[in-house]
Chemist: 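Mind looking over this structure? Questions follow.
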Amino acid sequence: MSASDARSVEPSHAAPLPGNPGEGRGGLKRPRPRFPALRRLLRDPVATFGLALVLFAVFVAIFAPWLAPYPEDAFESHILQRLRPPSAEFPFGTDNLGRDVLSRVILGTRSALLVAVAVVGASLAIGVPVGLVAGWRDGWLSELLMRVTDVFLAVPQLILALALGQLLAPGLTTAMLALALTYWPFFARTVYAETRRLRGALFVDALAGIGASTPRILLLHVLPNAAPAIVIRATIGMGFTILTAALLGFLGVGAAPPDPDWGLAVAEARQHLPEAWWFPTFPGLAILLLVLGFNLLGDGLRDIADPRLRRSRH
Amino acid sequence: MARYVLRRILLALPALFGLVLLTFVLTRVIPGDPAAALAGDSATPAQIAEIREKYGLDRPILEQALVHIRQVLTGDLGRSIFSGRPVTEEIAQRLPATLELTFAALFLATIIGIPLGLVAALNHNGPVDQIVRLLSVGGLAIASFWLALMLQLVFAMDLDILPLRGRVDVDLGLPPTVTGLLTIDSLLAGRFDQFRDAVWHLVLPAVTLCLPGLASIARFTRSGMLEMLQKDFVLYARAAGYGKFRLYAIYVLRNAVTVTVTQIGLLFGALISGAVAVEAIYDWPGLGTYAVQAILTADYKALLAVTLVVGVVYAVVNVLVDVAQALIDPRVAEDVR
Amino acid sequence: MRRLALLLTALLLAAPAARAEAPRPMVWGDSLAATLDPHAIFDVPMQYILLNAYDGLYRYQGNPPRLEPWLATGHTTSEDGLTWEFTLREGVKFHDGTVMTAEDVVYSFRRLLAMNRAPAAAFSPVLKVENVTAPAPNKVRFVLSTPYAPFLAAMPLVAIVNSKLVQANTANEDWGAAWLATHDAGSGAYMVDAETYRARTSLDFNRFRDHFLGWSHNRNPFDQVRSRPILETSTRVLALQRGEIDAGDSYLPTDQVDRVERNPRTRVQKDETMRTFIIRMNNRKPPFDNLDARLCFAHAFNYEGFNNIILRGFVIRNPGPNPNSLWGNPPDLAPYAFDLAKAKEHCDKARAAGAPLNREIEIHLQSELEQTTQAAQMFQADLRRVGVTLKIVPNTWANITASTTRPETTPDTWIHWVSSYFIDPENWIGQMYDSRFHGTWKASSWYRNPRVDELLTRARGSLDQAEREKLYQEATRLVVADSPDIWVYNTVNLRGVSRRIQGWNFSPVGSGGELRTLWSEQ
């Protein structure tokens with residue numbers, strides 16, 4: 001849908017809108033600074049803020065057991081100290097089973113990120129091959145693949161996730177399965193569009209002409225050129241997945257207690273409102289900040305790649 | 001053009017058929033026993049077996065699938081396992097509530113999102129643009145269930161200025177059902193008190209639901225505007241000293257909005273799906289709460305029907321959007337994939 | 001266009017319409033049954049329909065519950081306990097004005113037995129359709145296949161429907177099921193407004209002025225009661241505090257009691273009831289086929305901490321299967337105590353005997369009921385201290401009960417309540433631990449003890465109250481010694497209600513949902 005090539009962005013290009021005609025197609029090598037995308041990203045304060053949030057969350061997730069003041073509160077309960085307000089001892093207060101909310105928010109970062117990575121990874125694993133194969137050649141296979149993609153796109157994501165989460169053994173695995181099942185079509189669509197666009201490109205014809213095999217062209221030449229679009233979709237998908245997984249946790253078909261899941265914490269906190277305001281507030285803020293981080297980062301990347309890459313629904 | 005429209009509709013059919021199959025497969029993975037759920041609280045094993053037979057739950061899976069497809073094609077989505085009533089009837093009672101909420105959210109998203117996008121584009125890369133961007137991206141980052149709780153606590157409980165839940169005050173009763181949309185039915189009945197109350201009840205759920213849509217619309221408007229501002233005719237008109245207001249308001253905005261309008265259609269489907277969580281918290285008697293209840297009662301017939309109905313709405317809206325796009329820009333029709 | 005916008009703005013800003021002076025109808029926020037057909041479903045929400053739109057031959061009144069003649073004036077039982085004859089009250093009118101006769105009672109029982117849905121379970125083993133007859137216009141005769149002591153206790157389960165009305169609305173030999181799902185055909189104190197009925201979202205009751213009891217007992221009853229069930233517990237409590245509803249459900253979280261009491265508009269109606277909280281163990285599945293493993297679990301639950309700290313003492317420790325306020329319990333029954341050292345001892349013994357206590361053991365809870373989650377998490381933390389790993393699986397009532405039809409699919413452990421469907425030990429120990437009920441959720445621990453089976457069968461067939469008392473006491477002792485499940489507490493019914501509502505007439509059956517005696521202070 002877009003005439004501009006994602007890789008056509010030049011760091012020196014001052015105009016707000018890249019994509020002028022005559023810009024080089026991807027695949028052409030020319031000298032340029034290293035990590036141009038990163039440099040351009042860092043020049044954008046909002047996107048940099050997003051990157052910082054994501055990196056901070058990754059740091060917290062990796063070192064969670066050492067950062068959390070009471071790491072055993074992932075599963076312990078101390079019913080004698082239930083629902084204490086924030087204090088020096090418990091900066092975010094305690095929950096309905098006397099567990100430290102700060103510790104649980106920190107410990108929850110890990111599972112939130114893991115779920116997002118797993119879902120996006122699985123969606124990539126299904127969506128990218130489907131998109132490549134369907135986009136490369138016309139024919140019944142392409143038609144069939146895209147029709148199947150359409151079917152999954154037409155399934156209301158949340159309702160499918162709810163249904164699967166409840167009908168299969170409810171739990172985090174099922175929720176992840178449901179999310180991946182409904183998210184891969186977005187990757188398939190993205191890769192399909194990119195492949196369709198690239199297969200007519202001059203360098204692809206040239207490669208075919210010198211006898212390069214189809215898998216080689218697809219994997220070594222088409223895929224790298226589609227990468228920016230995929231990376232953007234994946235970044236936004238991370239935020240979206242975290243949000244939906246939290247919602248499933250909230251509705252009781254995602255993470256199971258005593259997981260320190262943020263959505264679950266908000267659900268457990270509901271009946272202690274408004275007295276125990278700290279109980280839902282901090283997990284809710286954690287969701288907000290992490291998703292915001294991914295979205296700002298994705299947004300920044302999208303601006304770099306192509307401000308008109310906008311047929312996105314999330 | 002007619003051929004394109006026809007082709008687009010034909011293309012949607014296999015997807016819908018696939019959806020019917022998929023929903024059936026999904027409901028057959030239930031580990032429990034729908035017959036036991038149907039028999040009720042204090043049923044004996046003999047009663048459960050009898051129900052299994054009566055509802056054909058003991059037949060071969062392929063036969064059940066064929067029966068299912070034939071029923072769906074004839075518009076018969078079966079009876080709710082739980083209430084014993086036709087699910088089409090139950091859904092028909094609830095769909096208008098969801099549609100009303102979705103329309104309201106879409107309305108809010110549009111009237112707020114378009115101006116926001118415009119302001120941002122006109123201040124491109126300026127501080128206002130960055131703020132709008134932060135807000136619109138932030139709108140997509142807020143967990144709707146969390147926001148809903150916070151809004152309830154602040155506006156309904158603390159400030160006590162907006163209703164907590166539901167569609168209309170129970171004392172006011174309901175207007176006679178014509179469209180099922182309370183805001184319209186109350187006006188048709190001349191009940192302005194009901195109308196006002198219905199609008200009040202819509203505020204919090206619609207605000208909660210509209211945020212992601214608002215963010216996307218602001219974004220699309222912004223980039224649509226930016227694109228337009230780069231067009232030769234605009235650059236030329238500006239160079240020729242054309243009135244700035246006239247230029248923006250008439251040419252640029254109109255072009256930018258047509259791009260946005262097609263996005264609104266796509267958002268519709270997403271909003272209907274997002275309504276599940278919002279409905280559950282605001283106790284909105286729509287399809288979302290129906291789905292949640294169906295899950296709690298293992299009512300797979302109802303769940304299947306909700307998935308189908310939302311899927312169909314989604315597919316229909318997508319076709320309409322594509323057709324609208326083709327009408328606006330005939331080149332789309334030529335470039336069918 | 002602009003004028004329309006102005007008009008809309010004006011409408012929105014207009015002052016709220018003046019409210020009528022008449023007392024505000026009562027708004028009921030408890031959940032609604034999925035259908036209005038009283039012979040199709042039998043659960044706690046259905047009691048609300050049963051008690052208000054319908055009448056039965058007998059009804060439970062008061063607390064502790066007494067069984068009172070209702071549409072019947074009395075009954076006689078034959079020497080062998082098989083033939084029961086009920087004399088009907090004269091001049092009872094259905095909502096459409098038709099006078100009730102024995103034909104209606106016979107039709108109701110036939111419909112119940114022919115449809116054979118959940119409410120029929122208490123009768124179908126002992127009662128054949130052809131054995132319900134009307135020897136006279138005001139007499140109904142039941143001839144049972146075998147003696148069945150709880151027959152009378154279960155009588156209030158059966159709603160008497162207007163046979164002419166139902167027959168007139170019968171299609172495809174469905175016993176009027178399609179019609180009765182959305183209409184009422186009863187004689188109860190309140191009538192369903194079928195026009196405004198929306199399944200599970202709204203039900204309006206209008207007072208039935210010609211109810212057979214008259215209204216002299218209530219000087220200011222509600223002419224209208226509107227049911228607007230609220231799905232989420234916390235929304236329900238907030239709506240109650242705002243005055244949007246006049247009564248919540250009967251599971252008010254104990255953490256909310258103080259807040260509801262502090263509100264000038266609301267209070268908590270507290271009633272001792274008969275609803276036991278229990279953690280089931282699947283006795284068919286290792287490690288729970290081992291007595292020591294079960295005893296280990298029974299000693300690892302912190303009863304004191306759960307009942308008195310988490311639930312703030314709003315419940316009463318219950319040592320066995322029957323509610324402690326019911327007859328049939330041994331007076332000296334000692335409850336299991338929380339003792340991790342003892343639990344460890346039993347677990348070690350079980351492990352030595354080869355019980356697989358090192359595998360992950362699942363506990364299924366009803367995710368919409370917060371209390372089950374709290375109990376499971378506390379249990380999990382304590383079991384960890386004796387080296388047992390509990391895995392929490394959020395689930396729903398419908399899913400779990402669907403899986404209890406076979407021992408292989410029944411969860412390792414799960415949490416639920418046993419409500420009062422009828423007031424007799426048969427409702428608890430009888431249906432929970434007699435192996436003839438295997439395959440139903442009530443018997444989902446798959447416990448089998450031939451001696452207990454024999455005692456329970458004899459108790460069911462005996463009409464001698466003293467003998468039954470003794471049999472149930474003995475059965476209870478045996479069951480408690482085998483520790484098939486973990487009995488935690490008997491409930492105090494907590495319902496958040498508006499202070500303007502007076503005249504609560506609580507009975508454990510139906511959790512106090514009878515509207516007939518309620519009146520408004522206004």
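Keep in mind that the numbers below use all heavy atoms, side chains included, and drop hydrogens, waters and symmetry copies. Reminder, nothing fancy here: chain letters follow the sequence lines and each chain counts from 1.
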Chemist: Are C:Arg275 and C:Tyr251 in a cation-pi setup, meaning NZ or CZ lies under 6.0 angstrom from the ring centre and within 45 degrees of the ring axis?
Modeler: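 Output yes; distance and angle both within limits.
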Chemist: Is it true that atom CG of B:Asp158 has more than 12 heavy atoms of other residues, nucleotides or ligands lying nearer than 6.0 Å?
Modeler: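 Yes.
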Chemist: What option among C:Thr201, C:Ile230, C:Thr235, C:Thr35 has the most heavy-atom pairs under 4.5 Å with chain B?
Modeler: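 Option with the top pair count is C:Ile230.
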Chemist: In terms of heavy-atom proximity below 4.5 Å to chain B, should C:Arg226 be classed as side chain, backbone, both, or neither?
Modeler: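 Interface part for C:Arg226: side chain.
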Chemist: At a 4.5 Å cut-off on heavy atoms, which part of C:Thr196 comes close to chain B: side chain, backbone, both, or neither?
Modeler: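 Contact with chain B is absent: no heavy atom of C:Thr196 under 4.5 Å.
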Chemist: Are C:Gln431 and C:Glu426 side-chain neighbours, meaning at least one heavy-atom pair lies under 4.5 Å?
Modeler: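 A side-chain contact under 4.5 Å exists here.
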Chemist: Please find out if less than 6.0 Å separates the ring center of C:His416 from that of C:Trp441.
Modeler: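 Close enough - the centres of the two rings lie under 6.0 Å apart.
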Chemist: What part of C:Arg200 is in contact with chain B, defined as an atom under 4.5 angstrom from a non-hydrogen atom: side chain, backbone, both or neither?
Modeler: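 Contact with chain B is through both the backbone and side chain of C:Arg200.
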Chemist: Heavy-atom distance under 4.5 Å to chain B: side chain of C:Ala120, backbone, both or neither?
Modeler: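 Contact with chain B is through both the backbone and side chain of C:Ala120.
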Chemist: If you count heavy-atom pairs under 4.5 Å between each of B:Asp283, B:Leu149, B:Val292 and chain C, which one has the most?
Modeler: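 Top option by heavy-atom pairs under 4.5 Å: B:Asp283.
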Chemist: Could you tell me which portion of C:Ser234 (side chain, backbone, both or neither) has an atom closer than 4.5 angstrom to a non-hydrogen atom of chain B?
Modeler: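 For C:Ser234, no heavy atom lies under 4.5 Å from chain B.
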Chemist: Using a cut-off of under 4.5 Å for heavy-atom pairs, which of C:Arg228, C:Arg242, C:Glu232 has the most such pairs with chain B?
Modeler: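 Most heavy-atom pairs within the cutoff with chain B belong to C:Arg242.
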Chemist: Shortest non-hydrogen contact from C:Phe222 to C:Arg24?
Modeler: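 Residues C:Phe222 and C:Arg24, closest heavy atoms: CE2-O, 3.8 Å.
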Chemist: Specify which of B:Glu89, B:Glu90, B:Gln293, B:Gln152 makes the most heavy-atom pairs with chain C at under 4.5 Å.
Modeler: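 So the answer, after comparing B:Glu89, B:Glu90, B:Gln293, B:Gln152, is B:Gln293.
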Chemist: Are the side chain of C:Asp174 and the backbone of C:Ala171 linked by a donor-acceptor contact shorter than 3.5 Å?
Modeler: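 Confirmed, C:Asp174 side chain pairs with C:Ala171 backbone.
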